[in-house]
Amino acid sequence: SQQGEEDPQALSIQEGENATMNCSYKTSINNLQWYRQNSGRGLVHLILIRSNEREKHSGRLRVTLDTSKKSSSLLITASRAADTASYFCATDTYSGAGSYQLTFGKGTKLSVIP
Amino acid sequence: KAGVTQTPRYLIKTRGQQVTLSCSPISGHRSVSWYQQTPGQGLQFLFEYFSETQRNKGNFPGRFSGRQFSNSRSEMNVSTLELGDSALYLCASSLVTGGFPDEQFFGPGTRLTVL
């Protein structure tokens, strides 16, 4: 089952606009990560935000985390055609015996139109 | 540093056959995880190996198995292939800095088609 669920499933914007994607999860987490995947390729790590952090920046990316609402958002500012990709949030899920696994949502497909 | 490599990149098999996929992690990474990605189910965790031991296992049948060698390279095996096993299989490696999943570095994946 999915721990994180992204919203919207698909998003289409013009180049230069901002893109916001949301992720909701069900159980408490230790950290939340965002990844990008270009069509049919491997995933690329974007940002990791820990449960005691509220906001994190990396270049044109801004991630927020609200643990009380069990939600996170990824903002991409001044989007470019090269940002066209699927974006996934991933949370750590306790899998027993003191170990955790990474559970991914189904992703948001972002299209940036030149 | 070289990234995560996976071989082969593409594979076509028929139902009932078995397949072995290989993953070489980034040098120094001791944790290797495998994921299956399909349009319907998305990214699903298969298993994680750390220092040659399976540390975590997802909810997949016993036909899916894996192992890790002393040099951290990992293989996964799927026996008695079914049509539903057609998927992109992704391998990811990471440093283990604490108890929780850290940044994962993904390989390009192996696209398996079962006919």
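Quick note: numbers below take in every heavy atom, side chains included, and nothing from hydrogens, waters or symmetry partners. A quick note: this is a predicted structure, and the numbers were derived from the prediction, not measured. In what follows, chains are A, B, ... by sequence order, proteins preceding strands, each numbered from 1.
Counting non-hydrogen atoms of other residues, nucleotides and ligands closer than 6.0 Å to CZ of R63(B) gives a total above 12. Within 6.0 Å of NZ in K56(A) there are more than 12 heavy atoms belonging to other residues, nucleotides or ligands. Environment of CD in Q9(A): sparse, with no more than 12 heavy atoms of neighbouring residues, nucleotides or ligands closer than 6.0 Å. In R15(B), the CZ atom is not crowded: 12 or fewer heavy atoms of neighbouring residues, nucleotides or ligands sit closer than 6.0 Å. Heavy-atom neighbours of N59(B) CG from other residues, nucleotides or ligands within 6.0 Å: at or below the threshold of 12.
Residues V44(A) and F105(B) fail the side-chain proximity criterion, which asks for heavy atoms closer than 4.5 Å. Residues Q37(A) and L90(B) meet the side-chain proximity criterion, which asks for heavy atoms closer than 4.5 Å. Contact check for L43(A) versus L43(B): side-chain heavy atoms found under the 4.5 Å cut-off.
In this structure, R41(A) CZ and F106(B) CZ are separated by 16.0 Å, a value rounded to the nearest 0.5 Å. Summarising the geometry, atom OH belonging to Y35(B) is positioned 8.0 Å from atom CD belonging to Q101(A); distances are rounded to the nearest 0.5 Å. Interatomic distance, CD of E103(B) versus CG of L102(A), reported as 11.0 Å (0.5 Å rounding).
Between the side chains of Q33(A) and Q104(B), no donor-acceptor pair of N or O atoms lies under 3.5 Å.
When heavy atoms are compared at a cutoff of 4.5 Å, Q6(B) does not approach chain A at all.
Follow the hydrophobic side-chain contacts under 4.5 Å out from F50(B) and you never reach L46(B); the two are in separate clusters. Placement of L88(B) and F88(A) within a single hydrophobic cluster is found when ILVMFWY residues are connected by side-chain heavy-atom separations under 4.5 Å, directly or transitively.
Separation of the F104(A) and F45(B) ring centroids does not fall under the 6.0 Å cut-off.
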